[in-house]
Engineer: 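The structure's right below; bear with me while I get my questions together.
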Number of protein chains: 2
Amino acid sequence: MSDASDASLEDAADLLAARYREPTRPTPAHWSAVLDTMLSHRSVRGFLPSTVPAATLDLVLAAASSAPTSSNLQTWSVVVVEDPARKARLARLAAGQKFIEQSPTLLVWLADLARLEALAAARQQTVEGIHYLELLLVAVIDAALAAQNAVVALESLGLGSVYVGAMRNDPLGVAAELGLPKRVFPVFGLSIGFPDPSISTGIKPRLPPAAVVHREQYSAAAQPRAIAEYDARMSAFQAEQKMGPEIWTEKVINRVRTPASLSGRDRMREVLAKLGFELR
Amino acid sequence: MSDASDASLEDAADLLAARYREPTRPTPAHWSAVLDTMLSHRSVRGFLPSTVPAATLDLVLAAASSAPTSSNLQTWSVVVVEDPARKARLARLAAGQKFIEQSPTLLVWLADLARLEALAAARQQTVEGIHYLELLLVAVIDAALAAQNAVVALESLGLGSVYVGAMRNDPLGVAAELGLPKRVFPVFGLSIGFPDPSISTGIKPRLPPAAVVHREQYSAAAQPRAIAEYDARMSAFQAEQKMGPEIWTEKVINRVRTPASLSGRDRMREVLAKLGFELR
């Protein structure tokens with residue numbers, strides 16, 4: 001195990017306290033530079049204009065490729081978008097979020113079953129399994145594991161990122177823009193770049209372990225109290241960040257209250273069918 | 001950016017060369033302890049009997065909680081399974097893989113829409129959005145991002161892990177064993193523990209960037225050559241590891257050739273319906 005030589009244990013206690021907003025969080029016995037990076041995570045929505053050096057992107061994508069992948073199928077791909085005009089068009093497809101245009105590079109992570117299909121076709125074989133919902137899950141998970149390695153790798157090199165789930169608001173538009181073949185689905189975007197140091201953001205608190213971590217079997221018994229505490233902690237965080245007051249519970253309920261709350265993503269089954277995912 | 005003081009740049013070039021099995025991989029200009037951990041990744045299937053200290057697990061789960069989550073919905077949970085009898089029963093549901101029983105702890109990562117539903121129900125509200133395929137994707141992605149942080153955090157502390165996709169062979173059996181409520185789906189397992197040092201495994205090569213990374217638009221033009229190179233590199237890796245010869249392309253085609261190749265996961269739609277996912 002690593003010890004205090006890797007990263008300051010005092011910082012460790014502070015970072016853990018910030019993540020859970022529990023002031024009594026004890027200093028851990030072990031720590032690592034990886035934990036330091038992960039516990040320090042903040043999504044970045046304000047970027048400097050500096051481009052991401054090609055060599056840095058290569059390293060980050062090597063980290064992505066190093067993530068585990070189901071049965072080594074490697075059913076993911078990524079499109080690196082740096083052309084400002086294309087980035088602007090993709091931003092319009094993704095709720096017009098400003099940081100997409102402002103960041104120098106947009107990575108679009110793909111669930112890619114076309115590669116397997118092409119391999120089989122080149123050998124006059126078919127791969128009927130790719131038409132099942134299971135393979136969409138495999139490919140989405142592969143893409144997510146790779147992307148999350150990229151996120152942490154970027155932060156370790158002084159860069160920042162923010163996921164763009166709104167890339168799923170109009171997957172057909174994204175597919176047309178990126179020239180995606182059938183059986184390739186844009187899972188999410190990731191805007192990356194150097195964080196604007198004039199914008200400081202705090203560490204966003206997360207649900208306490210009592211709400212998320214179950215022992216041996218699932219139990220929701222501790223959730224009401226844990227979530228009430230979390231609502232209070234999030235309100236305090238919002239106030240500190242000079243953001244409008246909001247109750248987490250109310251916000252997340254509103255986010256999924258109706259099909260219309262899903263920003264077009266209530267049509268995902270139909271959209272996936274058009275992209276060539278039969279979801280048997 | 002970090003520099004050579006963080007981790008040896010010589011190791012960096014070796015690790016990059018091993019991951020892509022391209023002997024000409026140049027020494028990078030920048031490096032970090034995070035990249036060192038990620039590029040060193042190997043899945044671990046041989047564990048020492050030592051248990052995972054509770055404080056270590058707490059840190060690893062704090063890293064998981066620090067991962068980004070879509071709209072801060074936090075639609076994931078995890079069940080920590082340490083009871084040997086339960087672990088053995090779960091192993092039987094997951095293709096009888098020996099490492100599940102051998103490892104001291106099995107984490108079962110859940111796509112959890114029940115928490116949102118319970119929050120709404122407590123306020124006499126409904127959340128119709130959770131019944132859409134989009135929300136299953138959100139929750140699966142949330143679980144994957146959290147789990148991948150846990151994987152890297154574990155490795156940074158000297159532990160190891162292996163994902164258990166076979167937890168999806170019989171999700172209804174897993175749900176019964178773990179007492180999962182409706183609208184909670186076991187996405188995958190993760191067996192964790194201290195690696196048995198007597199079992200050494202090499203760094204598994206991944207597809208070259210030419211097969212995975214696209215610039216501005218998707219292009220499969222470079223794939224045939226890149227994949228032919230990869231097949232040769234994987235064959236060399238297998239020989240080094242004293243594993244039976246196999247051609248990657250043939251192996252992955254066989255893995256998805258027919259519905260029967262999916263080890264029961266061709267019934268995923270029906271299974272998800274029974275777990276309360278309408279997938280509208």
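Just so you know, these numbers use all the heavy atoms, side chains as well, and skip hydrogens, waters and symmetry mates. Here is how names work: the chains are called A, B, and so on, in the same order as the sequence lines, proteins then strands, and each is numbered from 1. Remember, it's a predicted structure, so these values are computed and weren't measured experimentally.
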Engineer: Check whether A:L279 gets within reach of chain B through its side chain, its backbone, both or neither, counting any heavy atom under 4.5 Å.
Structural biologist: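 Both parts, backbone and side chain.
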
Engineer: Measuring from B:S77:OG to B:R115:CZ, what's the distance to the nearest 0.5 Å?
Structural biologist: 4.0 Å

Engineer: Which atoms of B:K87 come close to chain A, meaning under 4.5 Å heavy atom to heavy atom: side chain ones, backbone ones, both, or neither?
Structural biologist: neither

Engineer: Under a 4.5 Å heavy-atom cut-off, does chain B meet the side chain of A:E177, its backbone, both or neither?
Structural biologist: backbone

Engineer: With a 4.5 angstrom heavy-atom cut-off, could you sort out which part of B:E216 is near chain A: side chain, backbone, both or neither?
Structural biologist: both

Engineer: Under a 4.5 Å heavy-atom cutoff, which of A:G165, A:A147, A:P181 has the most pairs with chain B?
Structural biologist: A:P181

Engineer: What part of A:D231 is in contact with chain B, defined as an atom under 4.5 angstrom from a non-hydrogen atom: side chain, backbone, both or neither?
Structural biologist: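 Looking at A:D231, just its side chain touches chain B.
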
Engineer: Holding to side chain to side chain contact (heavy atoms under 4.5 Å, CB included), I want the full list of residues that pass it with B:P28, two or more places apart in sequence or in another chain.
Structural biologist: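 By the side chain to side chain contact (heavy atoms under 4.5 Å, CB included) rule, B:P28 matches A:L59, B:L9, B:A12, B:L16, B:W31.
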
Engineer: Side chain, backbone, both or neither: which part of B:A120 has an atom under 4.5 Å from a heavy atom of chain A?
Structural biologist: both

Engineer: Please identify which of these residues, B:L137, B:V140, B:I141, meets the side chain to side chain contact (heavy atoms under 4.5 Å, CB included) condition with A:V187.
Structural biologist: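 Exactly one option meets the side chain to side chain contact (heavy atoms under 4.5 Å, CB included) with A:V187, and it is B:I141.
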
Engineer: Name the region of A:Y218, side chain, backbone, both or neither, that has any atom closer than 4.5 Å to a heavy atom of chain B.
Structural biologist: both

Engineer: What part of B:W76 gets closer than 4.5 Å to chain A, counting heavy atoms only: side chain, backbone, both or neither?
Structural biologist: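 Contact with chain A: backbone and side chain both.
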
Engineer: Identify which part of A:R123 has an atom lying under 4.5 Å from any heavy atom of chain B, answering side chain, backbone, both or neither.
Structural biologist: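 It is the side chain, since no backbone atom gets that close.
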
Engineer: What part of A:R265 lies closer than 4.5 angstrom to a heavy atom of chain B: side chain, backbone, both or neither?
Structural biologist: both

Engineer: Examine whether an atom of B:L135 lies under 4.5 Å from a heavy atom of chain A, and if so say whether it belongs to the side chain, the backbone or both; otherwise answer neither.
Structural biologist: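 The answer is the side chain of B:L135.
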
Engineer: Give, as side chain, backbone, both or neither, the part of A:I227 having an atom under 4.5 angstrom from any heavy atom of chain B.
Structural biologist: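 The answer is the side chain of A:I227.
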
Engineer: Would you mind telling me which of A:D112, A:T37, A:L272, A:V108 has the largest number of heavy-atom pairs within less than 4.5 Å of chain B?
Structural biologist: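 Among the listed options, the one with the most contacts to chain B is A:D112.
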
Engineer: May I ask you to name which of B:R255, B:R267, B:M38, B:R168 has the most heavy-atom pairs under 4.5 Å with chain A?
Structural biologist: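 Of the candidates given, the most pairs with chain A belong to B:M38.
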
Engineer: Contact part of B:A220 toward chain A, heavy-atom cut-off under 4.5 Å: side chain, backbone, both or neither?
Structural biologist: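 Answer is neither: B:A220 stays 4.5 Å or more from chain A.
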
Engineer: At a heavy-atom distance under 4.5 Å, which candidate from A:H131, A:R19, A:R280, A:E270 has the highest pair count against chain B?
Structural biologist: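 Highest number of heavy-atom pairs under 4.5 Å: A:R19.
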
Engineer: Which atoms of B:L57 are under 4.5 Å from chain A, going by heavy atoms: the side chain, the backbone, both sets, or neither?
Structural biologist: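 The side chain, not the backbone.
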
Engineer: If you count heavy-atom pairs under 4.5 Å between each of B:L116, B:L136, B:L145 and chain A, which one has the most?
Structural biologist: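 Among B:L116, B:L136, B:L145, the one with the most close pairs to chain A is B:L145.
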
Engineer: Measure distances from A:A153 to the heavy atoms of chain B and classify the residue's part below 4.5 Å as side chain, backbone, both or neither.
Structural biologist: both

Engineer: Please classify the contact of B:R269 with chain A as side chain, backbone, both or neither, using a heavy-atom distance under 4.5 Å.
Structural biologist: both

Engineer: Please state whether the side chain, the backbone, both or neither of A:L207 comes within less than 4.5 Å of a heavy atom of chain B.
Structural biologist: both

Engineer: Does any heavy atom of chain B fall under 4.5 Å from the side chain of A:V184, the backbone, both, or neither of them?
Structural biologist: side chain

Engineer: Which residues satisfy the salt bridge (Lys or Arg N to Asp or Glu O under 4.0 Å) test with A:R215, sequence neighbours excluded?
Structural biologist: none

Engineer: Taking every heavy-atom pair that is under 4.5 Å apart, which of A:L119, A:V81, A:V138, A:L107 has the most such pairs with chain B?
Structural biologist: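 The answer is A:L119.
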
Engineer: Heavy-atom distance under 4.5 Å to chain A: side chain of B:T69, backbone, both or neither?
Structural biologist: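 Both backbone and side chain.
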
Engineer: Could you look at B:L110 and say if it's the side chain, the backbone, both or neither that has a heavy atom under 4.5 Å from chain A?
Structural biologist: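 Just the side chain, heavy atoms under 4.5 Å.
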
Engineer: Verify whether one side chain among B:Q148 and A:N149 offers a donor that lies under 3.5 Å from an acceptor in the other.
Structural biologist: yes

Engineer: Need one label for A:E82: side chain, backbone, both or neither, based on atoms under 4.5 Å from any heavy atom in chain B.
Structural biologist: both

Engineer: Give a yes or no on whether the backbone of B:A260 and the side-chain of B:T258 come within a donor-acceptor separation of less than 3.5 Å.
Structural biologist: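 Present.
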
Engineer: Highest number of heavy-atom pairs under 4.5 Å with chain B: which of A:V152, A:L180, A:V60?
Structural biologist: A:V152

